[in-house]
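Shown next, in structure tokens, is the structure this report addresses.
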Amino acid sequence: MAITAPRGTRDILPGESWKWNYIINTASETMKDFGFREIHLPIFEHTELFSRGVGETTDIVEKEMYTFIDRGERSITLRPEATAGVMRSAIENNLCVQNSIAKLWNWGPMFRYERPQKGRYRQFYQIDAECLGVQNPFADVEIISLSIEIFRRLGLKNLEVVINSVGCEKCRPIYREKLLNYFDAHKNELCETCLTRLDRNPLRILDCKKEACSKVADGAPDIYDSLCDECREHFEEVKKGLERLNFTYKLNKRLVRGLDYYTKTAYEILSGDLGAQNAVAGGGRYDNLSTAIGGNKIPGVGFACGIDRIMLVMEQQNCSFGEVPKTDVYVAALDNEAKGAAQSLTYELRKNKISAECDISGKSFKAQMKNAGSCNFACIIGSEEIAKNSVSVKNLSDGTQVNIPISEAVEYINHQV
RNA sequence: GUGAGUGUAGCGCAAUUUGGUUAGAGCUUCGGAUUGUGGUUCCGGCGGUUGAGGGUUCAAGUCCCUUCACUCACCCCA
């Protein structure tokens, strides 16, 4: 049996790799316009970074990480998300000392052991941006507007921005306590998974999609009543900021992120064109992440968006991916004696940065011209032409053709393309 | 981890309700003819252990079991 790609992974084939480049280039330009700088991080990290950063009781850490012991007996994990690594790097390299701020972005593969389905893979790709060192709600607005702008430039339609505040280390425990009391009183109405959530992470019950649980959650205490003054004010400023930029958004007090490090702002950008996995981007503020992984206090806010999912939505909505890559010139040999001359001319063109191709597999002239169909020009050389030292250059879009000396071919085509 | 559906040529599909000769066309590819040197048309060739393994049967692409993969949903998230 031939070996196949592991479950949940996929190959980005030539037919779509140029679309990926378009998405990444668009993101890259937007990042630059927003003053974010690119950072490259390892794909694997010490397991502890995620167990302490993302949170011991999260689904990601409990059952979704690719963790293994390396030959030096270190516990290593393929990164399941980007934020913890960025924060680790910022601490380790002092990117955020003495009130300086760091605006960083990167893209690359992330790994989670899940059952694959539409828009969900075991190796998936994210574009990630983090703004570190700023407590101010303007930073939250900057991050949210950045993600929206990337999608706007890509031409995505019908997106929904949903925001919430999940409180901070001061007010969340109080809210948690209230929730605990409430859900404890409605224990018999909750589903099994929610019962386990009860003592581990009661906030997550709010997120449960089961009708019974959601009904119970409807009557649960409102998080906004529990927010401390600082969190409340922060949240108000974020909302004001979004309105100032004319963004429409929805509030969802049930929006709870699956990663423990989030504080205050949490948000998601949803698309109706994705099936069940409807989030194209998600993020928020994480003011306690740095201390959780052993650093000094560095506030932060950021987002990640799934490239695979952006791709799905763009295909669904027939968005433009820019220009399809195309070879300028096909150099066709009329007969076998001319194949060498064809390759020589092809190389001359390439040296002049004109994309060119010729047959390297011994195809007939007819077959060569078929391949030439996707190019702008065809150069046709036969052994007779070599003797005469000339070549026919045909413009494949209008059918016009000229005979010129081979030595002038590069210059002529350079003019045309 | 749970559930449902699917698996036949490189691709998308067919194979007569209820198992029955040598599993078929189309597109692609390759070759030939024709077209002024590609695109059109015609002819021909290559291409399959029916995902894999086992079972039932005189007979299995078709029925049963196991396994793998894909798809979608739960869960969770981007």
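Each chain gets a letter, A, B and so on, in the order its sequence line appears, and its residues count up from 1.
For the salt bridge (Lys or Arg N to Asp or Glu O under 4.0 Å) test with Arg88(A), the passing option among Glu45(A), Glu48(A), Glu130(A) is Glu45(A); the others fail.
Pairing for rC72(B) goes to rG3(B), judged as Watson-Crick or G-U wobble with the two contacts each under 3.5 Å. For rU37(B), there is no paired nucleotide, since no Watson-Crick or G-U wobble pair has both relevant distances below 3.5 Å. Across the strands present, rC30(B) finds its partner in rG44(B); the criterion is a Watson-Crick or G-U wobble pair with both atom distances under 3.5 angstrom. Nucleotide rC63(B) forms a pair with rG55(B), judged by Watson-Crick or G-U wobble geometry with both contacts under 3.5 Å.
Atom CD1 in Ile310(A) sits roughly 13 Å away from atom P in rA78(B) (whole-Å rounding). Atoms CE (Met314(A)) and C1' (rA78(B)) sit 16 Å apart, rounded to a whole Å. For the pair Tyr330(A) OH and rG39(B) P, the interatomic distance rounds to 14 Å; values are reported in whole Å. Rounded to whole Å, atom C1' of rA78(B) lies 11 Å from atom OH of Tyr261(A). For Asp59(A) and rG1(B), the CG to C1' distance is 11 Å, given to the nearest whole Å. Rounded to a whole Å, the CG atom of Asn376(A) is 19 Å from the P atom of rG39(B). Taking atom CD on Glu81(A) and atom C1' on rC77(B), their separation rounds to 11 Å, with Å as the unit. Between the CD atom of Gln277(A) and the P atom of rC75(B) there is a distance of 10 Å, rounded to whole Å.
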Q: Evaluate the criterion side-chain hydrogen bond (donor to acceptor under 3.5 Å, both in side chains) for residue pair Gln368(A) and Asp359(A); output intermediate values, then yes/no.
A: CA-CA 7 Å; Gln368(A) 291 177 58; Asp359(A) 172 55; 4.5 Å; no

(Q) Does Leu227(A) form a side-chain contact (heavy atoms from CB on, under 4.5 Å) with Tyr224(A)? I'd like the steps, not just the answer. (A) CA-CA 5 Å; Leu227(A) 291 181; Tyr224(A) 301 144; 3.9 Å; yes

**Q.** Evaluation steps, ring pair (Phe, Tyr, Trp, His ring centres under 6.0 Å), between Tyr125(A) and Trp20(A)
**A.** CA-CA 10 Å; Tyr125(A) 293 81; Trp20(A) 277 69; 5.0 Å; yes

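Of the candidates rG3(B), rG38(B), rC77(B), the closest approach to any side-chain atom of Arg115(A) belongs to rG3(B). Checking rA78(B), rG38(B), rG3(B) against every side-chain atom of Met369(A), the shortest atom distance belongs to rG38(B).
A distance of about 13 Å separates the P atoms of rC27(B) and rG44(B), rounded to the whole Å. Nucleotides rC13(B) and rG55(B) have their C1' atoms positioned 30 Å apart, rounded to a whole Å. With both ends at atom C1', the span from rA9(B) to rG32(B) equals 23 Å, rounded to whole Å. Annotation: rU66(B) and rG24(B) have their P atoms spaced 32 Å apart (nearest Å). Taking the P atoms as reference points, rG19(B) lies 15 Å from rC58(B), given to the whole Å. Comparing the C1' positions of rA69(B) and rA52(B) gives an interatomic distance of 10 Å, to the nearest angstrom. Here, rU16(B) and rC11(B) have their C1' atoms 26 Å apart, quoted to the whole Å. Distance noted for atom P between rU49(B) and rC30(B): 22 Å (whole Å).
Within a 6.0 Å sphere centred on NZ of Lys353(A), other residues, nucleotides and ligands contribute 12 heavy atoms or fewer. Within 6.0 Å of CD on Gln343(A) lie no more than 12 heavy atoms contributed by other residues, nucleotides or ligands.
For Leu396(A) and Glu114(A), each mapped to the nucleotide of RNA chain B holding its nearest heavy atom, the one lying further toward the 5' end belongs to Leu396(A). In this structure, Asp308(A) and Leu334(A) both approach RNA chain B, and ranking their closest nucleotides by distance from the 5' end singles out Leu334(A).
Among the heavy atoms of the strands lying under 4.0 Å from Asn278(A) is at least one base atom, whether or not backbone atoms are also near. Here Ala372(A) lies out of heavy-atom contact (under 4.0 Å) with every strand. Gln368(A) comes within contact range of no nucleotide atom at all, as no heavy-atom separation falls under 4.0 Å. Note on Gly282(A): only backbone sugar-phosphate atoms sit closer than 4.0 angstrom, heavy atoms only; bases stay farther off.
A donor N or O paired with an acceptor N or O is not found under 3.5 Å between the base of rC70(B) and the side-chain atoms of Arg10(A).
Interatomic distance, Phe321(A) CZ to Met311(A) CE, rounded to the nearest 0.5 Å: 5.0 Å.
In terms of phosphate contacts, Arg7(A) brings a side-chain nitrogen or oxygen within less than 4.0 Å of OP1 or OP2 of rC70(B).
For the contact set between residues 117-131 of chain A and RNA chain B, defined by any heavy atom under 4.0 Å, the members are Gln117(A), Lys118(A), Gly119(A), Arg120(A), Tyr121(A), Phe124(A), Gln126(A).
At a threshold of 4.5 Å between non-hydrogen side-chain atoms, the residues Phe111(A) and Thr77(A) do not count as touching. A heavy-atom distance below 4.5 Å is not found between the side chains of Leu78(A) and Met65(A).
Partners of Ser320(A) according to the side chain to side chain contact (heavy atoms under 4.5 Å, CB included) rule, which considers only residues two or more places apart in sequence or in another chain, do not exist here.
Glu243(A) and Tyr249(A) are linked by a side-chain donor-acceptor pair at a separation below 3.5 angstrom, with hydrogens and angles left out of the test. Defined by atom type and a distance below 3.5 Å, a donor-acceptor pair is present between the side-chain atoms of Ser392(A) and Asn403(A).
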**Q.** Per-nucleotide protein contact string for nucleotides 29-36 of chain B, where B marks a base within reach and S marks sugar-phosphate only (heavy atoms under 4.0 Å, - for neither)
**A.** SSS-BB--

